[in-house]
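Along the sequence shown, the residues carry numbers beginning at 1. Quick caveat, the model's predicted, so the values are computed rather than measured.
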Amino acid sequence: MRTRVGYAGGSLADPTYRRMGDHTESLQLDFDPTRISYGELLAVFWRSHMPDQESYGRQYMTAVFCETPEQLAEATRSRARVALQLKGEIRTPVLSGARFYRAEDYHQKYQLRRYDEFMRELADYTPRQLADSTVAARLNGYVAGRGTIEQLAAERTSFGLSPATLVRLEQLVRGKQRA
């Protein structure tokens, strides 16, 4: 699974952080539907925010940006289910046809960039490789407090990190689980 941050949903061509126009800060997620379904991703999305709350403006709007008619239909159905569960109005829109623009390199893997020891391990990556890296995405999630020690144990060898850096990552994850 690859993730990158950027901007979507607005009318301005080639937005940047300093010139965003009417775009929304967005996350683009490439996923393998044989490993996780779009419906499962939607379930995580709806649980991860308060869909009945108003957004803090267009820049920080919570939304589902769909790429295909099938995604639009499934996202619309999932939104209706959430409305029934919450017994209220859902303010999170489901939108289609929005073009995604990558954010500047310094915005990619933002949490990970705060940890020099992990960035040193990825020093051979170009900015584009770092943004598109599954390993960097997983590390970014762990250092941000997303992921359990059990999940880390299952995938830690696939990261290709030095033993010392893996120990540091475990310490971080354990500390975040206790917090």
Side-chain angles (χ1 to χ4, degrees), residues 1-31 36-115 118-119 127-128 130-134 136-148 151 172-173 175-177 179:
M1 193 174 326
R2 291 189 320 190
T3 61
R4 40 199 93 62
V5 295
Y7 318 106
S11 58
L12 181 67
D14 300 316
T16 65
Y17 184 74
R18 302 262 183 253
R19 194 179 63 81
M20 195 177 297
D22 57 347
H23 285 277
T24 298
E25 291 183 5
S26 304
L27 171 75
Q28 184 181 55
L29 177 67
D30 297 335
F31 66 99
I36 187 167
S37 72
Y38 186 63
E40 289 170 303
L41 292 172
L42 287 168
V44 170
F45 171 78
W46 292 117
R47 284 193 312 266
S48 299
H49 75 289
M50 295 183 291
D52 56 342
Q53 301 296 310
E54 193 70 45
S55 293
Y56 298 112
R58 182 72 184 198
Q59 179 179 355
Y60 302 113
M61 176 179 72
T62 305
V64 178
F65 294 104
C66 304
E67 290 188 359
T68 67
E70 295 80 16
Q71 285 182 352
L72 177 60
E74 189 167 355
T76 301
R77 285 190 304 272
S78 71
R79 183 180 190 275
R81 282 192 301 274
V82 170
L84 286 173
Q85 291 167 353
L86 295 179
K87 298 180 176 76
E89 179 183 357
I90 301 302
R91 297 180 184 276
T92 302
V94 172
L95 306 168
S96 67
R99 178 170 175 200
F100 179 83
Y101 295 89
R102 278 175 91 97
E104 299 81 350
D105 288 337
Y106 68 91
H107 287 292
Q108 306 296 330
K109 309 305 182 265
Y110 181 79
Q111 295 295 326
L112 179 62
R113 290 175 184 275
R114 298 172 50 217
Y115 293 88
F118 301 119
M119 291 302 294
R128 182 65 143 222
L130 183 71
D132 290 345
S133 167
T134 299
R138 299 299 298 143
L139 292 173
N140 191 64
Y142 281 118
V143 301
R146 307 288 185 258
T148 65
Q151 290 169 319
L172 266 174
V173 171
K176 292 186 184 286
Q177 278 186 314

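Applying the salt bridge (Lys or Arg N to Asp or Glu O under 4.0 Å) rule to pairs touching residues 43-63 yields Glu54-Arg91, sequence neighbours excluded. Applying the ring pair (Phe, Tyr, Trp, His ring centres under 6.0 Å) test to residues at least two apart or on different chains, the pairs with a partner in residues 72-104 are His23-Tyr101. Screening residues 68-97 for ring pair (Phe, Tyr, Trp, His ring centres under 6.0 Å) gives no qualifying pairs among residues at least two apart or on separate chains. For residues 64-92, no pair satisfies ring pair (Phe, Tyr, Trp, His ring centres under 6.0 Å), with sequence neighbours left out. The salt bridge (Lys or Arg N to Asp or Glu O under 4.0 Å) analysis of residues 59-84, with sequence neighbours excluded, yields no pairs.
Between the side chain of Lys176 and the backbone N or O of Ala144 there is no donor-acceptor pair closer than 3.5 Å. Although no hydrogens or angles enter the test, the distance criterion places a donor-acceptor pair under 3.5 Å between the side chain of Ser55 and the main chain of Thr62. Checked by atom type and distance alone, the side chain of Gln111 never pairs as donor or acceptor with a backbone atom of Gly141 at under 3.5 Å. Remark: the backbone N or O of Ala75 is paired with a side-chain donor or acceptor of Ser78 at under 3.5 angstrom. Looking at Ser26, its side chain does come within 3.5 Å of a backbone N or O of Thr24 through a donor-acceptor pair.
Separating the OH atom in Tyr106 from the CZ atom in Arg113 is a distance of 10.5 Å, to the nearest 0.5 Å. To the nearest 0.5 Å, the span separating OG1 on Thr92 from CZ on Phe45 amounts to 5.5 Å. Distance check, rounded to the nearest 0.5 Å: CZ of Arg128 to CG of Asp105 gives 8.0 Å.
Smallest separation of non-hydrogen atoms from Val173 and Gly147: CG1-O, 3.9 Å. Between Ala136 and Leu112 the shortest heavy-atom distance is O-CD2, 3.7 Å. Of all the heavy atoms in Gly21 and Leu12, the pair that sits closest is N-CD2, 3.8 Å. Closest approach of Trp46 to Val64, counting heavy atoms only: CZ2-CG2, 4.3 Å. Between Arg102 and Gln108, the closest heavy-atom pair is C-NE2, 4.5 Å. Heavy-atom minimum distance, His107 versus Ala103: CB-CB, 3.9 Å.
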Margin query: Using side-chain contact (heavy atoms from CB on, under 4.5 Å), reason through Met119 and Leu130 one step at a time and then give a plain yes or no.
Written below: CA-CA 10 Å; Met119 291 302 294; Leu130 183 71; 3.7 Å; yes
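With contacts defined as side-chain heavy-atom distances shorter than 4.5 Å, the pair Phe118/Leu172 qualifies.
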Validation: residues 4-11 side-chain donor-acceptor distances under 3.5 Å, sequence neighbours left out:
residue: Arg4; atom: NE; partner: Asp132; partner atom: OD1; Å: 2.9
residue: Arg4; atom: NH1; partner: Gln28; partner atom: OE1; Å: 2.8
residue: Arg4; atom: NH1; partner: Asp30; partner atom: OD2; Å: 3.1
residue: Arg4; atom: NH2; partner: Asp30; partner atom: OD2; Å: 2.8
residue: Tyr7; atom: OH; partner: Tyr17; partner atom: N; Å: 3.1
residue: Tyr7; atom: OH; partner: Glu104; partner atom: OE1; Å: 2.6
residue: Ser11; atom: OG; partner: Asp22; partner atom: OD1; Å: 3.3
residue: Ser11; atom: OG; partner: Asp22; partner atom: OD2; Å: 3.1

